[in-house]
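Working notes, structure below.
Only heavy atoms go into these numbers, but all of them, side chains included; no hydrogens, no water, no symmetry mates. This chain uses plain numbering: 1 for the first residue, then up along the sequence.
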Amino acid sequence: QKFVSSTFVWKLSLKYRKKRLPTSKWRNLIIIICQILMLALCALIISRPNEVLKAQSEKEEVVIVIDSSASMRTVNDGGDTRFCRAVSKAIDQVLAVFDEDGVVSVILADESPRFIGERYTLDRKDQLLAEMYDLLDDGDRLCSYASSDMDKAMEYCQEIVDDNVEAKVYLYTDVTYEYLPSLVQVVSVTEEDEWNAAILNATAELEDNYYVFTINVACYGRDAEIEVSIQLHNVNAADKEDVGSDLSYAQRVYCDANTTKTVIFKSDSSTSSDISSEDVVYYYFDDTSIYSFDDAMITIEGSDSFINDNSFAIYGGQKEVVKVQYYSPIANNFVNGILYVLKNSYSDRWNIQITEVRADGEPATEGYDVYIFEHIMPEKMPVDGLVLLMDPDTAPDKSGLRIADVQDNNGRGIYLQEGAQHPITKDVNIDDITVSRYTQVAHYDADYEVLMTCNGKPVMLAKNSEDKQVVVMAFSLHYSNLAMLVDFPVLFANIFNYYLPSTVSDYSFEINSDIQLNCRGSQLHVSNNYDFDQTYESFPAVLKVSTPGSYTLEQVTYFGKEVTEYMYVRIPTAESNIWSTAATVDLIVPDVDMAELYRDLMTYFALALVVLSFVEWILHSFEGSI
């Protein structure tokens, strides 16, 4: 306090000041509290305070990855598969971790890896063990026939390792890795006496109109002499209704460990200069030349440890017969030519048989798969098959068409325009096609699609229904440049592919391939001799099979023709090498990010210190103003 002269003004001031003393006391108290807090904050800032966001677990954490690739089906002398051995060892590891009150995750690494159990603690021990005993009991079904997606399995491991850098990864597998991160430990389930004799691939190709069978075999784990046998059924039958011969041949081959040999079965060597070598062995048929067969069953003899690649089936040696009737009063060399081009081009798919009927003949209206009528039309539409009407003079009964006059442009070619986009006109340059004369279509049913027009008038139409498959080309090749263009064979190939689609693109596929299915009827039935039986009704469909072996594809076309085909599904070639090696696994050990473990609180305390200093300054400013 300060004393001043005893004047009226100062007395009056003192009078007011005494009235405000209670407020002054509270202000002084608050200032003291602020100063105490400021000192406390300074002490806390010096101690570098942090908030713990995520503490490292004191419990042991283990991630177990069980390889479930096809090679894990390899069996030892006792009949146990590598997969079952891996699961048994993994169960022992799980029990050991739970005995220490640890945390366990188990990943089954097949083509689509998944968690069997994710971060299970002791309270869920029984649940995890039950899942793993199911793997042990049902290993023959649950072990894959494909290759494992180990990269995806390691992505799951990475999530756990990112959360706990102390977690350990144990990989139970038959693959030898050249390098592994320090937190990954491989537990091998191989045994020294395991070996494999394998058929890696087999093909049948026509050479000088006769089949040559090429078979690739290999041995892994030891040197061995193996016998490669081929059994051919229904050899050289005229068609599927005919009965041919059954033939069997065998060739012994010596294979060094981890090397591939090629065995070729073909016709008599008298016309061949092929000589067997260290890598290629020839076997020549001395009694026949093979130009057709139903199937070729290939096997190898040997008591190896992996049986899933000891057999192979080749299909497609007997082609479906496609009967084509071409009727024209004036035979067109361009049409004949394109039919024989298609016959040769699709020889691996169809046995196209062409029947030509001239003007003095009577065309058939049933019994064929494809009918081509040029210039002169039949009185009624055929009851079955694809019908191609070229330059029609009249509309056959039940064709859904009405024909009008001929539009003649006096030799002047008019470029066509595209109608509806359609598979038939795919890759066809319609703008390059000219027509100088065409038949006008006065009426067509609603189920026809207009594919090409001339001056706005339809000149090419198509329909595809259960009872009618029709293509109308309302002009003659004599009055068009179409036959001279590269689009001509493309157009005819598109017509055949659209109305007679291949059920499958090949006769041999690898496990888990996306196989596109087509059908010429309303249903396609696919089955094997084990566990697959499915019917498809919407096309194109996609089939993905997970079991190797032969599959039967059955259908009845819209016109009542029964078609049965076969395909073979094989395990991946890489899985035959039961002693395979790999570089490393795709697992990254993360750096510890302190920001994820702790939050630095010093900034917040410093901010509070500034606020308190400002409050103190404000309170002192009030004192000076009185």
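By the 30° and 60° cut-offs, the orientation of the rings of F532 relative to Y551 is perpendicular.
Side-chain contact between T74 and N196: absent, with no pair of heavy atoms (C-beta onward) separated by less than 4.5 Å. Contact annotation: the side chain of V322 never approaches that of N351 to less than 4.5 Å [non-hydrogen atoms, C-beta and beyond]. L500 is listed as a side-chain neighbour of R520, based on a closest heavy-atom distance under 4.5 Å. Here the side chains of L587 and L183 are in contact, with some heavy-atom distance below 4.5 Å. Here the side chains of Y133 and L136 are in contact, with some heavy-atom distance below 4.5 Å. Side-chain contact between Y254 and D223 is present, with at least one heavy-atom pair separated by less than 4.5 Å. F213 has its side chain out of reach of Y249: every pair of non-hydrogen atoms, C-beta onward, lies at least 4.5 Å apart. No side-chain heavy atom of Y283 sits under 4.5 Å from any side-chain heavy atom of V228.
Between the side chain of S144 and the backbone N or O of A146 there is at least one donor-acceptor pair closer than 3.5 Å. Under a 3.5 Å cut-off, the side chain of S502 and the backbone N or O of S505 do not form any donor-acceptor pair. Proximity of a side-chain donor or acceptor of N494 to a complementary backbone N or O of I424 within less than 3.5 Å is detected. Between the side chain of K125 and the backbone N or O of L95 there is no donor-acceptor pair closer than 3.5 Å. Side chain of N497 to main chain of A493: a donor-acceptor pair is present (N/O by atom type, distance under 3.5 Å, no hydrogens or angles). Side-chain N or O atoms of S148 include one that pairs as donor or acceptor with a backbone N or O of S69 at under 3.5 Å. No donor-acceptor pair closer than 3.5 Å links the side chain of D138 to the backbone N or O of L142. A side-chain donor-acceptor contact under 3.5 Å links Q318 to the backbone of A237. For the pair E537 (side chain) and Q523 (backbone), a donor-acceptor distance under 3.5 Å is absent. For the pair R222 (side chain) and W195 (backbone), a donor-acceptor distance under 3.5 Å is absent.
Within the model, atoms CZ of R141 and OG of S546 stand 10.0 Å from one another, a figure rounded to the nearest 0.5 Å. Within the model, atoms CD1 of I290 and CG of L206 stand 11.0 Å from one another, a figure rounded to the nearest 0.5 Å. Within the model, atoms OH of Y315 and CG of D294 stand 10.0 Å from one another, a figure rounded to the nearest 0.5 Å. Put simply, CG on L200 and CD1 on I215 are 11.5 Å apart, with the number rounded to the nearest 0.5 Å. Between D514 atom CG and K544 atom NZ the span is 4.5 Å, to the nearest 0.5 Å. Summarising the geometry, atom CD belonging to E278 is positioned 6.5 Å from atom NZ belonging to K261; distances are rounded to the nearest 0.5 Å.
Among the candidates H233, M297, Q231, the single residue satisfying the side-chain contact (heavy atoms from CB on, under 4.5 Å) test with S248 is Q231. Residue R82 is tested with E191, E194, E575 for a salt bridge (charged side-chain N to carboxylate O under 4.0 Å, His left out); the sole match is E194.
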When you look at T573 and N201, which way does the side-chain contact (heavy atoms from CB on, under 4.5 Å) test go after all the steps?
-> CA-CA 8 Å; T573 301; N201 196 19; 5.6 Å; no

Tell me, with the steps shown, if S580 and Y220 meet side chain to side chain donor-acceptor pair (under 3.5 Å).
-> CA-CA 9 Å; S580 61; Y220 300 98; over 6 Å; no

List the steps, then state whether ring pair (Phe, Tyr, Trp, His ring centres under 6.0 Å) holds for Y346 with F496.
-> CA-CA 10 Å; Y346 292 115; F496 270 67; 7.2 Å; no

Please step through salt bridge (Lys or Arg N to Asp or Glu O under 4.0 Å) for the pair R570 and D309, ending with a clear verdict.
-> CA-CA 8 Å; R570 63 186 185 276; D309 53 11; over 6 Å; no

Before giving the answer on salt bridge (Lys or Arg N to Asp or Glu O under 4.0 Å), spell out for E111 and K152 the whole-Å C-alpha distance, their side-chain angles and the decisive distance to 0.1 Å.
-> CA-CA 9 Å; E111 63 274 20; K152 186 64 176 179; over 6 Å; no

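Under a cut-off of 6.0 angstrom, the local environment of CG in N209 is sparse, with at most 12 non-hydrogen atoms contributed by other residues, nucleotides or ligands. Counted within 6.0 Å of CD on E100, heavy atoms from surrounding residues, nucleotides or ligands total 12 or fewer; the atom is thus considered open. No more than 12 heavy-atom neighbours from other residues, nucleotides or ligands sit within 6.0 angstrom of CG on D208. E205 CD: 12 or fewer foreign heavy atoms inside a 6.0 Å radius.
Judged purely by distance below 3.5 Å, without hydrogens or angles, the side chains of N216 and T262 pair a donor atom with an acceptor atom. Inspection of the D67 and T173 side chains reveals an N or O donor paired with an N or O acceptor under 3.5 Å.
For E61 and R119, the salt-bridge test passes: some basic side-chain N is under 4.0 Å from an acidic carboxylate O. In this structure, D140 pairs ionically with R73, as a charged nitrogen and a carboxylate oxygen lie closer than 4.0 Å.
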